[in-house]
Amino acid sequence: MKFLLQRVAFYVFTAWAAITLNFFIPRLIPGDPVQALITKYQGQLSTQAIESLYVLFGIDKNGNVWSEYVDYWKQLFAGDLGLSFAFFPTPVSEVLSDSILWTLMLVGVTTILSFIIGTGLGVLAGWRRGSWTDGLLPVTTFFSSVPYFWLGIIAIYLLTGPDSFFPSGGGAEVGLVPAWDMYFIPSALQHSLLPALTILISSVSGWILSMRNMMVTVSSEDYITVAHAKGLPERRVALSYAARNALLPNVSGFALSLGFIVGGTFLVEIVFSYPGIGFQLFQALGANDYPLMQGIFLVITISVLVANLLADVAYLFLDPRTRKEG
Amino acid sequence: ACSESPNAANKDNAANGKAAGFLSIGMPNSTQTENNNPFIGSSSATNLGYRWMIYEPLGQWNNTKPDQPLKPWLASEIKWSADWKTVDLVIRDGATWSDGKPLTAEDVVFTHTLIRDSKDGALNSYAIPYDQITADGNKVKMTFKSSQFTTHHKVIGQTPIVPKHLWSTIADPATDTIKTPVGSGPFTLKTWSQTGIILEARESGYWQELPKVKELRYTSYSGNDTQLTALASGQSEWSFVFIPDYQQTFIAKDPANHKIWAPGVLGIHGLYINTTKKPFDDPKLRQAMNMVINRTDIFTQAEAGYFHPEIKSVTGLPEGAGDAYIADEYKGKTFSVDVEGAKTLLAGAGYKLEGTVLKDKTGAPVTIKLTDPAPWSDYQTTLEIIKDNLSKIGIAAEVEKPNQNVWDTNVQKGDFGATMRWTNGGSTPFDIYQTVMDGDLMKPIGTAAQQGNFGRFESPEATAALKAYSNATDEATRKTALATLQKIFVEQAPMLPIGSDNVGAAYSTKKWVGWPSDADSFAPGQPTQAGALMVVLALKPAA
Amino acid sequence: MSEPVLEIKNLNVGYGLGDQGVRAVRDVNLTLHRGEVLGLAGESGSGKSTLAYGMTRLLAPPGVITGGQVIYHPAEGDPYDVLALSDERLRKFRWAETAIVFQGAMNSLNPVHKISTQLTDVLQAHEPKMSETSRLARAREMLKLVGIAPDRMDAYPHQLSGGMRQRVMIGMALILQPQVVIMDEPTTALDVVMQRQILGQLIELRERLGFSVIFITHDLSLLVEFSNRIAIMYGGRIVEEAPASAIYKDALHPYSQGLLGSFPALKGPRRELTGIPGSPPDLKGMPTGCSFHPRCPKAFDPCAGNIPVLGRPGTGDGRTRSVACWLHPTGEPVG
Amino acid sequence: MTSIPDAETPAGEVVLEAIGLTKHFPVRRKLRDLFSRKHDAVHAVDDVNLTLRRGQVTALVGESGSGKSTVARLLAQLYPRTAGDIRLHGTSTRVKSGSAFRRYCAQVQMIFQDPFASLNPVHTIRYHLTRSLKIHGHAGKTAEDLENALHGLLNRVHLTPPERYLDKFPHELSGGQRQRVAIARALGAEPEALLADEPVSMLDVSIRLGILNLLRDLKERLDLAILYITHDIASARYFADQTLVMYAGRMVEGGDSESVTQSPAHPYTRLLIDSAPDPDRLTADADVLEEDRGNGEPPSLIHPPSGCRFHPRCPMAMPRCTTDLPVRLEIGDRPGHWAACWLYDEATVAAQRPGSAVAS
Amino acid sequence: MTIPTSSIEQVIPGQGAMAQPEAGKPGKAKRRRFLFLSNRKAATGLIILGIYILLAIIGPWIAPFDPGARGADLMQGPSSAHWMGTTHLGQDVYSQLLVGTRSVIFVGFLAGIVATVLSVLIGVTAGYVGGKTDEGLSALSNVFLVIPALPLIIIVTSIMENAGEWVVALVIGFTSWSWNARVLRAQTLSLRRRDYVEAARATGERSWRIIIFELLPNLTAVIASGFVGTVIFAVLSEITLAFIGITSGNTWNWGTILFWAQGQQALARSAWWWFVPAGLAIAILGTALSLINFAIDEFVSPRLRSAGKTKIKTNTGRTVRMRIGFTPVLSNSPEPHTRARPIPAVDPHGATPVVREEATP
Ligand SMILES: Nc1ncnc2c1ncn2[C@@H]1O[C@H](COP(=O)(O)OP(=O)(O)OP(=O)(O)O)[C@@H](O)[C@H]1O
Ligand SMILES: Nc1ncnc2c1ncn2[C@@H]1O[C@H](COP(=O)(O)OP(=O)(O)OP(=O)(O)O)[C@@H](O)[C@H]1O
Ligand SMILES: [Mg+2]
Ligand SMILES: [Mg+2]
Ligand code: NI
């Protein structure tokens with residue numbers, strides 16, 4: 001109980017601090033959304049539009065930051081994230097809900113996949129040291145050192161084209177409306193293959209390595225020797241004894257990376273023009289769209305915290321030692 | 001459930017390709033949210049241009065021929081008074097809204113009143129000084145507080161007319177996203193999604209012949225590179241995007257069908273020089289700089305040989321669109337790189353070229369900082385070339401790449417040496433010269449000048465000439481005023497014109513033919529321009 | 001003496017190969033008889049654990065068995081070499097015939113599985129036909145045997161005290177009723193009271209179930225009290241092997257004498273404590289000849305040059321004991 | 001080395017004295033405790049009295065977790081005490097840090113159980129010893145003085161020749177050598193009292209004796225007062241002048257080593273001595289172990305048993321034991337031999353025959 | 001970005017090489033210092049890193065062209081004049097790569113140093129001092145951990161006027177210390193309870209001396225690994241920032257090259273030479289740094305060291321793999337390794353009768 005209470009206090013505090021930072025940091029950016037919009041359309045939007053845009057966005061150029069801060073919290077508690085500037089007058093919440101599913105689908109699934117594959121390979125590499133799995137490490141390390149965007153661009157160059165199976169970008173076939181049907185889903189899958197592969201290739205090595213190291217460390221524990229001495233089948237020793245225990249320290253890392261789904265890989269979304277939230281953030285940055293930036297940061301912060309909470313809970317389930325009485 | 005899915009039909013179409021009769025249009029404008037409000041600059045309808053397929057203007061303006069009168073569209077007659085303060089319109093019979101209701105003069109009055117009366121002018125994005133707007137039968141009369149000579153195309157050609165019976169019930173037209181747009185145009189919105197927006201042609205009720213293109217598919221790509229990839233692969237058939245080395249990256253992918261057309265318009269890009277900084281307050285120095293800039297290099301290397309058509313006339317007016325406005329004095333006078341001439345000019349003005357270093361009258365070496373945001377690679381390339389050019393006359397230039405926000409702020413506040421930037425564009429050269437030289441727009445150094453005159457060019461003469469031009473009631477006054485402006489522009493070189501904007505397109509003739517071209521520039525090529533509807537209506541299936 | 005259950009013949013175990021390699025167990029010959037408790041004593045690093053792990057092939061890399069045989073005599077059937085078994089057969093052999101109890105019980109039990117899981121998975125592996133309920137019943141029975149309330153079945157290791165964990169391990173070792181139980185310092189981490197309780201229980205169980213025990217410790221006084229025969233290891237070799245009482249009363253090897261002289265006696269008159277001077281040998285730079293000679297108070301000429309071999313001393317009760325020391329001429333080598 | 005002569009050494013000057021020393025470690029509070037005002041604590045050490053005299057070794061024996069190390073740390077002032085007093089040369093001291101602490105350190109030094117852990121792996125022997133000398137101002141003025149002092153220290157702990165050891169890292173030494181270095185470091189402060197917390201339990205059997213002999217040797221040569229903590233009561237017999245037995249945070253018996261080990265008075269001491277391995281006892285009668293010796297589990301120190309803490313395991317427990325805290329009672333066989341057990345209370349013994357109590 | 005390249009924090013508690021008893025042998029003291037270098041991974045990583053650092057120093061001097069200078073050959077593939085071809089302006093890509101190395105290394109290392117210093121200050125203090133200080137500092141690092149680093153860096157850099165290398169490095173440094181601080185705190189907590197820290201206290205050492213001389217040296221591996229990790233992150237961040245055009249790059253770095261290449265659609269124009277080298281340079285640098293980190297892991301936790309030879313030949317010529325649970329048996333013969341005969345009755349003072357020798361296995 002005490003443990004949980006402490007965690008909750010920690011989460012509340014962290015959330016408050018992070019949201020406060022999220023509020024202030026974008027405001028420090030010079031320039032304003034109207035200027036950003038004008039510059040975005042170099043010459044295509046005439047400068048006469050400036051005044052009407054200020055009015056439209058409701059930007060008070062001499063606003064008081066503190067009262068804005070208080071208002072921001074009031075809005076937050078009312079569940080209102082404000083209106084986006086770049087997509088004026090779409091509410092931020094709508095922009096977010098439009099894009100978050102894409103990100104969750106692509107990066108979320110990939111992160112989980114990467115964790116599963118990486119952990120699996122790591123278990124193999126750690127258990128069978130000296131076999132072919134040893135060769136995985138240098139290769140994956142190399143790929144993980146390549147920037148995501150570079151890998152993505154190369155992949156687009158090499159693998160896409162008029163006749164290629166891989167589309168060069170986008171979330172699904174043009175014109176398909178997101179729906180759980182036989183048209184949209186396969187198309188969405190097809191479009192997510194390359195970006196997913198890019199993320200997978202560059203993130204899997206971290207999991208392989210940490211799992212391998214944990215496996216190696218755990219493998220020399222006495223209880224593994226005992227398991228062998230007990231004559232248990234090798235599979236059982238490797239999975240139920242070694243891998244099960246080796247997994248524990250990785251759970252928190254996994255939770256953390258789940259939290260960073262949104263923030264960590266937005267370049268992939270940019271490169272593949274994937275309509276996800278990371279890409280949205282990039283646009284918001286370019287457009288000085290504070291409400292949207294704050295909204296996205298809020299989502300990221302909350303997802304990191306939720307992921308951490310999940311890790312805490314997972315620990316309770318996975319490691320009986322944390323499940324102390326009381 | 002599958003059979004009811006809107007995707008069932010779309011997917012079929014995608015598979016059938018050409019037979020389905022759709023046209024894919026792409027813009028590199030990154031993610032969009034559903035917003036079909038034609039008045040809002042940030043709506044997806046505006047960003048991608050499909051607002052002009054749903055809503056129509058009173059008349060159509062051909063950007064490539066800015067001096068021509070507007071083509072009657074929803075108004076069958078457009079008559080401006082001599083002082084350009086009154087316009088008389090006759091609203092076309094037979095036009096209907098896509099919900100079947102007829103389009104009347106009431107709708108036109110409603111639309112312009114809506115703009116005029118919008119709270120704090122939120123919808124009046126062109127800042128038009130409306131006065132009276134009245135209807136009489138199928139006639140509409142609008143009066144303005146000042147001459148609309150330089151902005152008439154915006155009032156008539158760039159204001160979409162919306163149905164009164166629907167819009168009068170909208171609480172706040174400035175923030176409504178108009179989920180089901182009803183317009184008078186030949187297309188209606190079919191589906192909207194992140195991955196693409198589909199418009200289908202109306203079956204009936206359009207006041208002209210219905211388009212051959214039965215479906216328009218708009219996609220917003222994340223950026224130039226993705227848009228280009230889509231163009232090259234044929235996924236996109238029509239777009240407006242900067243294509244480096246378009247011959248190789250686009251045309252060569254399908255030489256028979258892939259086409260680029262880039263007509264210049266009356267809006268230019270050039271190097272703004274901060275005229276308050278010594279020694280650049282000296283027009284002679286600026287002139288000399290103007291003489292060494294290699295516009296051809298910039299055109300071919302920075303603008304891929306098409307995107308910002310090279311400005312040849314010393315008046316800074318683009319070829320084609322600007323031809324009609326060039327003062328007699330400057331007819332035929334074109335830029336050419338003249339390093340020796342520049343040197344002579346400088347020597348005459350008291351500068352000394354010592355080796356590779358130009359010294360000003362005080363003996364200080366002449367150096368200049370050229371700035372532009374990093375992501376604008378064409379400007380960056382331009383600056384690199386300019387830097388190289390300037391070194392020929394001993395001016396040491398340094399290229400800086402602040403981020404966009406910083407650049408914006410600095411340019412507005414006059415905290416820069418020289419920068420590549422654009423001017424406003426319009427139906428006359430007025431916008432160009434105004435952005436560069438209007439004293440009314442000038443703000444002291446340190447205060448943001450948002451509308452123009454970033455270089456703080458002080459010339460009461462030019463300011464007066466600009467006023468005279470826009471308020472003139474006769475052609476002769478205009479001509480004189482324009483000649484004055486050109487003379488100042490040429491002699492004082494407050495900004496060194498480099499290239500013009502274009503309203504062209506990259507398109508494919510594989511499925512559709514009938515595109516505008518140099519030979520027949522009946523409409524702007526850019527799919528987001530109001531005139532894009534004229535293009536769509538002209539398209540015919542390829543044989 | 002009764003028949004042998006386990007015969008170790010010239011077992012050689014090393015860590016690593018080539019230059020990096022060390023030989024931790026050298027030409028060890030040892031016979032375990034049915035029903036006896038064989039004590040294995042020696043100071044730290046003498047190779048006791050290596051021997052125990054080596055003969056069941058449980059040594060983790062870089063351990064290698066460089067030679068030798070471990071002949072097991074099953075209750076029925078022909079004897080066979082454990083080292084020559086295929087992996088599958090070895091797996092079957094383990095725990096069913098030879099169970100091991102290791103030093104740290106905390107580390108021997110998997111912290112994330114319940115006691116019951118860890119007890120029953122042995123049964124699952126070795127007696128797959130057994131039903132789940134009978135497995136649990138069996139596990140409960142074993143816990144009762146070692147004095148743990150069966151309601152602790154669902155406890156996790158960290159919820160048990162050190163002594164209880166060690167008893168769980170002993171119970172687990174006996175669950176398949178093996179012929180041989182190897183115990184590598186099973187009580188070193190416990191305090192004396194607990195140690196005595198557990199050992200008492202073990203001896204009692206042995207009498208009831210009739211398995212043989214190899215008991216490893218560095219506490220010679222404990223061995224003398226609890227085991228039938230004692231083998232003393234030094235530098236990877238067995239240097240002396242004799243019945244417990246014989247070692248206690250009349251150790252032949254100077255090293256054994258030194259070990260005995262290192263333990264203060266609690267009862268009786270104060271004995272002189274001699275200890276052993278010097279420090280244990282480095283496996284990589286083993287002294288030539290008898291590896292104990294640099295520390296040996298009685299070393300003489302041949303000790304430095306030649307390796308003594310374990311053999312029956314010609315004198316006294318030579319038939320039941322053997323020693324490897326130049327001081328004690330032997331008639332025949334053991335093994 | 002020869003065995004010690006009978007421990008009839010004259011009582012030396014008192015160096016360090018603990019009176020009623022008590023240490024409770026607060027237990028992390030749980031949520032439900034927030035509402036009750038109760039503060040749980042580990043009663044690690046309760047009301048401990050002990051005296052360290054110059055030139056004498058006092059042994060502290062007890063099973064794991066009985067609070068031996070805590071006593072040592074309290075005496076070294078590494079923990080603040082909950083109650084009681086520590087007197088250095090008769091004056092009460094309570095120091096936490098700063099120069100007062102350093103002055104205290106100069107007189108009371110501690111040796112840790114694990115020589116593998118108590119030397120910093122990244123520093124050479126020279127560093128460890130130099131620090132100890134410098135902190136307490138025994139390094140002399142010149143580099144030569146320092147070198148001499150270092151050599152002196154190493155010689156004193158029989159690490160000769162000193163040059164061979166000075167520039168080594170701890171991992172290059174054997175356990176025994178490391179423990180010698182640890183001792184040398186303690187000596188560098190030139191203390192009067194040495195607190196040795198199980199100094200040999202991590203060492204190999206064959207080298208334990210060397211360290212113990214060294215300590216005795218130092219005691220004699222430097223006239224040190226030594227607290228020798230161990231769980232091996234047999235070594236206390238051989239090495240210590242006095243032996244104190246601790247159980248669950250309390251002293252249960254004390255006296256000169258020979259009488260405590262040869263005629264233990266407290267049932268716990270007896271259990272301890274009976275459990276110690278004894279080669280003279282034959283395998284055959286291994287099962288003399290009484291089954292009624294409790295479950296062998298030490299009690300919880302958060303909620304220690306009331307009365308005598310040993311009563312739940314005690315074969316001779318009386319009703320009184322469960323309620324009344326036993327006081328020190330003289331045994332009477334030798335002067336100074338005492339036990340905290342009601343068995344030795346005349347009144348109790350008269351009223352009740354021991355052993356008949358529990359059965360009812 | 002979020003997965004630590006080094007798993008050191010998971011490995012250390014198992015006690016490392018430093019705590020391993022090893023028999024004392026003269027001459028080992030010095031060798032141990034270089035042990036790290038004898039690790040193949042460390043050596044490879046350090047050599048590559050060394051080359052990069054060398055290029056960072058001399059790159060601008062040995063570059064054959066001014067990286068910004070326009071040339072006559074536009075968009076030319078690799079040739080003898082331009083080893084890595086030219087850009088759309090005729091600039092020499094090879095020179096750009098060489099000159100750009102300095103900025104990359106500079107930013108990587110400066111950011112690494114800043115983040116490492118911060119993480120040591122915050123992590124070790126929190127771990128050693130404990131109590132309220134610990135709670136405050138832990139909360140601070142948690143907040144920084146929760147905020148996504150890269151977007152934050154992008155925002156902060158865009159606030160700065162003319163974000164040059166210094167600014168970028170400092171911003172990256174100031175935003176990426178939290179993970180390391182957390183690891184260091186946990187590590188310090190466990191070290192603080194080690195006997196040698198207690199012993200130092202009992203000797204009378206002052207707190208600051210304990211932190212600096214007793215704790216920090218034992219944290220070297222963790223700190224080094226954190227440093228290397230941050231350098232990787234900083235390099236990738238800097239390049240990313242330059243690539244998306246957030247930072248200026250008045251100076252060249254590999255991100256700037258990629259930025260230009262991408263802006264000019266290098267790949268679509270088949271100008272692979274413009275795009276590929278910079279990416280490879282990053283990947284190789286990253287790999288080298290990762291290798292160093294692996295080596296640190298292995299140094300700290302010897303169990304992780306590659307098991308040397310994992311396949312061995314038995315005496316019968318079969319190859320067996322070393323694996324846990326099944327110790328390889330090289331020979332099954334009951335022959336003793338030591339060729340010896342029984343000890344004959346000898347007079348303790350007599351001559352040596354038999355000669356015995358050890359047979360090598
Ligand atoms: N993995 C290893 N690599 C190299 N040498 C090893 C390894 N494990 C053990 N050794 C060496 O093998 C020798 C024998 O070790 P072993 O553990 O068998 O001794 P032991 O008699 O069980 O000692 P203890 O009483 O400390 O348990 C020791 O010298 C040790 O240093
Ligand atoms: N810092 C601490 N916080 C809480 N409880 C502690 C602390 N230190 C010791 N204890 C508790 O105090 C009791 C006595 O511990 P101590 O270490 O003094 O025992 P010990 O007799 O030295 O045991 P051992 O023989 O195992 O070293 C134990 O129950 C222990 O759990
Ligand atoms: Mg062992
Ligand atoms: Mg202790
Ligand atoms: Ni609770």
Side-chain angles (χ1 to χ4, degrees), chain B residues 223-233 241-250 252-253 294 297-298 300-305 369-389 391 397-410 413 415, chain E residues 66-77 86-91 96 103 153-165 167-168 171 239-253 255-271 274-275:
Chain B
N224 287 4
D225 38 341
T226 39
Q227 172 68 74
L228 172 58
T229 317
L231 271 176
S233 67
V241 62
F242 175 64
I243 307 177
D245 195 7
Y246 68 93
Q247 285 292 353
Q248 194 191 338
T249 52
F250 176 57
K253 305 283 183 215
N294 189 333
D297 271 6
I298 293 175
T300 53
Q301 291 176 21
E303 301 299 343
K369 280 192 176 142
L370 312 172
T371 66
D372 262 304
W376 300 342
S377 67
D378 57 336
Y379 275 8
Q380 286 298 338
T381 311
T382 306
L383 291 186
E384 291 293 339
I385 296 172
I386 291 177
K387 171 183 165 186
D388 195 43
N389 295 154
S391 71
E398 190 185 314
V399 177
E400 278 186 348
K401 298 165 193 140
N403 66 60
Q404 198 166 308
N405 288 315
V406 172
W407 174 81
D408 245 336
T409 317
N410 289 350
K413 290 188 173 165
D415 181 12
Chain E
D66 175 348
R70 296 167 65 214
D73 304 323
L74 308 185
M75 294 289 273
Q76 295 299 306
T86 59
T87 70
H88 68 308
L89 288 176
Q91 298 154 327
Q96 294 182 343
S103 161
I153 292 170
I154 293 177
I155 292 192
V156 178
T157 3
S158 60
I159 296 171
M160 308 288 173
E161 286 217 12
N162 264 333
E165 291 165 342
V167 174
V168 173
V171 169
I239 283 160
T240 306
L241 289 178
F243 174 72
I244 58 180
I246 294 287
T247 53
S248 58
N250 295 328
T251 43
W252 287 93
N253 70 45
T256 330
I257 300 176
L258 292 178
F259 162 74
W260 280 102
Q262 181 64 1
Q264 294 298 323
Q265 302 284 346
L267 283 184
R269 296 158 84 172
S270 306
W274 195 358
F275 196 80

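Below, chain A is the first sequence line, B the second, and so on; all start at residue 1.
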Query raised in the report: Using non-hydrogen atoms only, which part of Ile385(B) is less than 4.5 Å away from chain E: side chain, backbone, both, or neither?
Result: both
Query raised in the report: Which region of Gln380(B), side chain (C-beta onward) or backbone (N, CA, C, O), has a non-hydrogen atom less than 4.5 Å from a non-hydrogen atom of chain E, or is it both or neither?
Result: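 For Gln380(B), the contact with chain E is made by backbone and side chain together.
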Query raised in the report: What orientation do His88(E) and Trp274(E) show, parallel under 30°, tilted 30 to 60°, or perpendicular over 60°?
Result: parallel
Query raised in the report: Within a reach of under 6.0 Å around NZ of Lys387(B), are more than 12 heavy atoms found that belong to other residues, nucleotides or ligands?
Result: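 Atom NZ in Lys387(B) is packed in, count exceeds 12.
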Query - Segment of Ser270(E) engaging chain B (4.5 angstrom heavy-atom cut-off) - result: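 When you check distances to chain B, atoms from both the backbone and side chain of Ser270(E) fall under 4.5 Å.
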**Report entry** Exercise: do Asn253(E) and Thr256(E) side chains pair donor with acceptor under 3.5 Å
**Finding:**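 Note: Asn253(E) and Thr256(E) side chains meet the donor-acceptor criterion.
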Query - Of Gln96(E), Gln264(E), Met75(E), the residue whose pairing with Thr87(E) passes side-chain contact (heavy atoms from CB on, under 4.5 Å) - result: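 Answer to the side-chain contact (heavy atoms from CB on, under 4.5 Å) test with Thr87(E) among Gln96(E), Gln264(E), Met75(E): Gln96(E).
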